[in-house]
2 protein chains.
Amino acid sequence: MIQNLNKHERESLHEALAKSGQKITPQREIVYTVLLAQRDHPTVDEVYHRALETMPGLSLATVYNCLETFVGCGLVRQVNHERESTRYCPNLAPHAHFRDESTGRVHDIELPKEILDQLTKILPANFETETIEISFQGRTKTSNKN
Amino acid sequence: MIQNLNKHERESLHEALAKSGQKITPQREIVYTVLLAQRDHPTVDEVYHRALETMPGLSLATVYNCLETFVGCGLVRQVNHERESTRYCPNLAPHAHFRDESTGRVHDIELPKEILDQLTKILPANFETETIEISFQGRTKTSNKN
DNA sequence: TTGAGATTTTGAATCATTCTAAACGGCTAA
DNA sequence: TTAGCCGTTTAGAATGATTCAAAATCTCAA
Ligand SMILES: [Mn+2]
Ligand SMILES: [Mn+2]
Ligand SMILES: [Zn+2]
Ligand SMILES: [Zn+2]
């Protein structure tokens, strides 16, 4: 059902892990594969159930561990909305998130560098930003299957 | 220790509650007073302990209830950072939040309308925004007592 | 003054996440 | 080859913010 990682994907997984002294494991490979296969910002539980189809016996704790590892080495971003379960996103380009309240789905919104620059400028001089999160909430109109 | 609400503040509390068919109660008055007295984005627990000094016997559940009520009638905003406890903010002007990772403090950042407009423009045409959240994380430099 | 409905209170329940400790696996030095 | 080391995985318990349930209390219009 789920394709394996291609050479390039496996390479970037290996490289990111190696950079922080960690190894590729079958579990990590599958979890990462699941994230790349369907970029719909799944929760831990969703990742878990998708991964189970390829690797029965995989444990939920391991999915937590893998995702935490990926976040730690910069391969994946966490996406939070209100108090809902944390979601995971393998899109490394700077982007915002739009959460559709009627479907619960989370969409990537491309973020022009120019806007990021402007945002940085509204901060007092002594505020040093490490990360900026922008999230929209609303609804998508019309019969749109996306 | 904590000043009462002034005429204007009590008025806007009453008005906001009335609009959604709810009443002023001593508990709600105190919780709102606590929020206005120290605009440092307190957690529920912090609001609770501050309010206890004025009204011993107040319950934590009531603080949850009051804050939920205020959010519901638009008097107060929730502020979330990662998976930490929800914080509350009575600043109704459009603004972003900067969270200082070294102190844990959350600062209001004034948000030019112009930037909000630009942000809305990066969305696909059929995306209707209800709210936009912008949050910075980083550190404040130098010996700054703010 | 009274009763209906709103609010408060206590304590239990929920549930995503984290923690603990034991089992596992691969790798290397002897 | 074997023994030990260390990172990883696993199952299950613990945590902690938040929500829920039910009973007590309060408010206010009639
Ligand atoms: Mn968020
Ligand atoms: Mn946030
Ligand atoms: Zn994303
Ligand atoms: Zn604020």
Side-chain angles (χ1 to χ4, degrees), chain A residues 13-14 16-34 41-52 54-73 75-88 99 104 106, chain B residues 10 13-14 16-34 41-52 54-73 75-88 104 106:
Chain A
L13 172 60
H14 180 275
L17 288 170
K19 212 174 357 180
S20 45
Q22 289 164 305
K23 315 169 186 177
I24 286 197
T25 66
Q27 289 88 345
R28 284 173 179 166
E29 226 177 289
I30 286 171
V31 168
Y32 190 52
T33 302
V34 163
H41 305 87
T43 62
V44 173
D45 201 61
E46 286 165 344
V47 171
Y48 173 54
H49 287 291
R50 292 176 195 174
L52 271 187
T54 303
M55 180 185 270
L58 175 68
S59 82
L60 179 59
T62 297
V63 177
Y64 272 100
N65 290 340
C66 291
L67 290 171
E68 181 186 45
T69 298
F70 296 161
V71 171
C73 66
L75 256 190
V76 164
R77 278 176 57 182
Q78 286 184 321
V79 179
N80 289 294
H81 277 96
E82 322 254 296
R83 299 244 97 221
E84 294 184 355
S85 303
T86 299
R87 294 173 176 279
Y88 292 83
R99 149 147 188 162
V106 175
Chain B
R10 174 185 314 254
L13 173 60
H14 180 275
L17 287 171
K19 212 174 358 179
S20 45
Q22 289 164 305
K23 316 168 186 178
I24 285 200
T25 66
Q27 289 87 348
R28 284 172 179 167
E29 224 176 291
I30 286 171
V31 168
Y32 190 51
T33 302
V34 164
H41 305 88
T43 61
V44 173
D45 201 62
E46 285 165 344
V47 171
Y48 173 54
H49 287 290
R50 291 175 195 176
L52 271 187
T54 302
M55 180 185 269
L58 174 68
S59 81
L60 178 59
T62 296
V63 176
Y64 272 100
N65 291 340
C66 291
L67 290 170
E68 181 185 45
T69 297
F70 296 161
V71 171
C73 65
L75 257 188
V76 164
R77 278 175 56 181
Q78 287 185 322
V79 179
N80 289 295
H81 276 97
E82 322 253 294
R83 299 246 97 219
E84 294 185 355
S85 304
T86 299
R87 296 174 176 277
Y88 291 84
V106 175

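Here is how names work: the chains are called A, B, and so on, in the same order as the sequence lines, proteins then strands, and each is numbered from 1.
- Rounded to whole Å, the distance from CG on B:Leu60 to P on C:dT8 is 13 Å.
- Following rounding to the nearest Å, B:Tyr48 (OH) and C:dT9 (C1') show an atom-to-atom distance of 10 Å.
- The phosphate of C:dT17 has OP1 or OP2 within less than 4.0 Å of a side-chain N or O from A:Thr86.
- Between the CG atom of A:Leu67 and the C1' atom of D:dT9 there is a distance of 14 Å, given to the nearest Å.
- Among the protein residues, B:Thr62 comes within range of the nucleic acid bases, having at least one heavy atom under 4.0 Å from a base atom.
- When the C1' atom of D:dA17 is taken as reference, atom CD of B:Glu68 falls 14 Å away, rounded to whole Å.
- Put simply, the side chain of B:Thr86 does not reach to within 4.5 Å of the side chain of B:Val79, judged on heavy atoms.
- The nearest heavy atom of DNA chain D to B:Ile24 and to B:Arg83 marks one nucleotide each, and the one closer to the 5' end goes with B:Arg83.
- For the pair B:Glu84 CD and C:dA16 C1', the computed distance is 16 Å after rounding to whole Å.
- At a threshold of 4.0 angstrom between heavy atoms, the contacts of A:Asp45 with the nucleic acid are absent.
- For the pair B:Gln27 and D:dC26, the criterion of a side-chain N or O lying under 4.0 Å from OP1 or OP2 is not met.
- The nearest whole Å value for the distance from the CE atom in A:Met55 to the P atom in D:dT9 is 9 Å.
- Side-chain contact between B:Gln78 and B:Tyr88 is present, with at least one heavy-atom pair separated by less than 4.5 Å.
- Contact between the side-chain N/O atoms of A:Thr25 and the OP1/OP2 oxygens of D:dT9 is found at a separation under 4.0 Å.
- For the pair B:Gln22/B:Arg28, a side-chain contact is recorded, criterion being any heavy-atom separation below 4.5 Å from C-beta on.
- Two residues, B:Lys23 and A:Ala61, neighbour DNA chain C, and the one matched to the more 5' nucleotide by heavy-atom proximity is B:Lys23.
- For the pair B:Thr69 (side chain) and B:Asn65 (backbone), a donor-acceptor distance under 3.5 Å is present.
- Ion pairing between A:Arg87 and A:Glu46 holds under the 4.0 Å rule for side-chain N and carboxylate O.
- In terms of position along DNA chain D, the nucleotide closest to A:Asn65 lies nearer the 5' end than the nucleotide closest to the other residue of the pair B:Arg87 and A:Asn65.
- In this structure, CD of B:Glu82 is placed 16 Å from C1' of C:dT18, rounded to the nearest angstrom.
- Among the atoms of the strands shown, only primed sugar atoms or phosphate atoms (P, OP1, OP2) are found under 4.0 Å from some heavy atom of B:Gln22.
- Within 4.0 Å of B:Gly57, counting heavy atoms only, lie sugar-phosphate atoms of the nucleic acid but no base atom.
- Listed candidates were D:dT27, D:dT9, C:dA16. Nearest to the side chain of A:Arg28 is D:dT9.
- In this structure, A:Tyr64 places its OH atom 13 Å from P of C:dC15, rounding to the nearest Å.
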